[in-house]
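Quick note on labels: first sequence line is chain A, next is B, and so on, each numbered from 1.
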Amino acid sequence: DQQVKQNSPSLSVQEGRISILNCDYTNSMFDYFLWYKKYPAEGPTFLISISSIKDKNEDGRFTVFLNKSAKHLSLHIVPSQPGDSAVYFCAASADGDTGGFKTIFGAGTRLFVKA
Amino acid sequence: DTEVTQTPKHLVMGMTNKKSLKCEQHMGHRAMYWYKQKAKKPPELMFVYSYEKLSINESVPSRFSPECPNSSLLNLHLHALQPEDSALYLCASSPSGGMGEQYFGPGTRLTVT
């Protein structure tokens, strides 16, 4: 059972427009949410995060929105650039059953930004 | 140094072989992780070491054996693997093992024949 879902496997956007990537989760115990970006042949790199006590966090062109009642978060990239073309993973963290924190990843959305 | 390095980049092994994957970081991070990622799937957590102690084992089969010799190094010992264990194995680290961001290595692409 997937606890973190990214229902769009891919998204294509024109350069300069807004990219919106969506993520849904099922576990209300998640306290912290993160977005990672992954280029081919590289590991995921951290992009932006948000705590469950906030509903918005902004960092330059990247903004993450959290709707706790809907168990939904989204990543907005504006303006989109060709270099943003990558796979974007949504992730959520919670206490593990035996101590420590677990991070659960979604399946990823491949973003294509067309020049 | 803000890198997590992993060796080897690629590994092909038979089902009777014993091999090890290595991971190293010099950022002073006190938590290190192993993830397994199959094609078009999310990274799946395998193990978490926090302050050099195993804190999470996600019911991983015993043919995978993690080891944390010191705070900078993390190994994954492999023995009697199955073809379905073929995947990308990612190592990550974080400052303290909390809920914050993790720093990932490029991964080891493992093929079991």
Side-chain angles (χ1 to χ4, degrees), chain A residues 1-10 23-25 27 29-54 57 59 62 64 66 86-110, chain B residues 2-7 9-10 21 23-25 27 29-60 66 68 87-109:
Chain A
D1 180 32
Q2 279 187 284
Q3 296 186 61
V4 179
K5 299 178 188 178
Q6 293 177 258
N7 292 319
S8 297
S10 65
C23 178
D24 297 294
Y25 62 95
N27 188 343
M29 300 301 291
F30 287 136
D31 279 340
Y32 199 73
F33 303 89
L34 310 99
W35 285 93
Y36 287 84
K37 179 167 76 171
K38 186 180 186 300
Y39 293 118
E42 294 181 12
T45 55
F46 169 73
L47 194 56
I48 192 169
S49 61
I50 187 166
S51 163
S52 60
I53 61 172
K54 295 188 173 183
N57 188 25
D59 183 2
F62 303 91
V64 57
L66 175 63
V87 177
Y88 288 79
F89 290 101
C90 170
S93 291
D95 277 328
D97 295 331
T98 55
F101 292 96
K102 292 171 56 170
T103 300
I104 308 295
F105 284 80
T109 295
R110 184 174 295 277
Chain B
T2 58
E3 265 194 320
V4 175
T5 58
Q6 289 186 245
T7 55
K9 286 197 166 105
H10 301 274
L21 309 185
C23 174
E24 193 165 359
Q25 57 88 14
M27 294 178 279
H29 289 175
R30 302 315 301 265
M32 296 185 77
Y33 312 77
W34 280 115
Y35 288 86
K36 173 182 176 179
Q37 187 179 19
K38 305 277 272 184
K40 298 192 191 309
K41 298 286 188 184
E44 292 181 359
L45 184 65
M46 300 174 72
F47 302 104
V48 180
Y49 272 84
S50 182
Y51 292 85
E52 298 161 54
K53 286 188 169 38
L54 184 65
S55 62
I56 293 181
N57 175 342
E58 287 291 276
S59 303
V60 179
C68 189
L88 180 69
Y89 287 84
L90 291 162
C91 173
S93 69
S94 67
S96 62
M99 291 187 284
E101 62 265 31
Q102 296 172 21
Y103 295 72
F104 283 84
T108 293
R109 174 75 58 191

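When all heavy atoms of Ala41(A) and Pro106(B) are compared, the pair lying nearest together is O-CB, 4.1 Å. In plain terms, the two heavy atoms of Pro42(B) and Gly106(A) that are nearest each other are CB-O, 2.8 Å.
Contacts with chain A were tallied for Arg109(B), Lys40(B), Glu101(B); Glu101(B) has the most, counting heavy-atom pairs under 4.5 Å.
Separation of the Phe104(B) and Phe46(A) ring centroids does not fall under the 6.0 Å cut-off.
Side chain to side chain, Gln102(B) and Thr103(A) meet the donor-acceptor criterion of an N or O pair below 3.5 Å.
Proximity of Phe89(A) to Gln37(B): side-chain heavy atoms (C-beta onward) are separated by under 4.5 Å at one or more points.
Looking at Glu44(B), neither its backbone nor its side chain comes within 4.5 Å of chain A, counting heavy atoms on both sides.
With a 6.0 Å radius and a threshold of 12 heavy atoms from other residues, nucleotides or ligands, Lys54(A) has its NZ atom at or below the threshold.
Between Lys38(A) atom NZ and Leu90(B) atom CG the span is 7.0 Å, to the nearest 0.5 Å.
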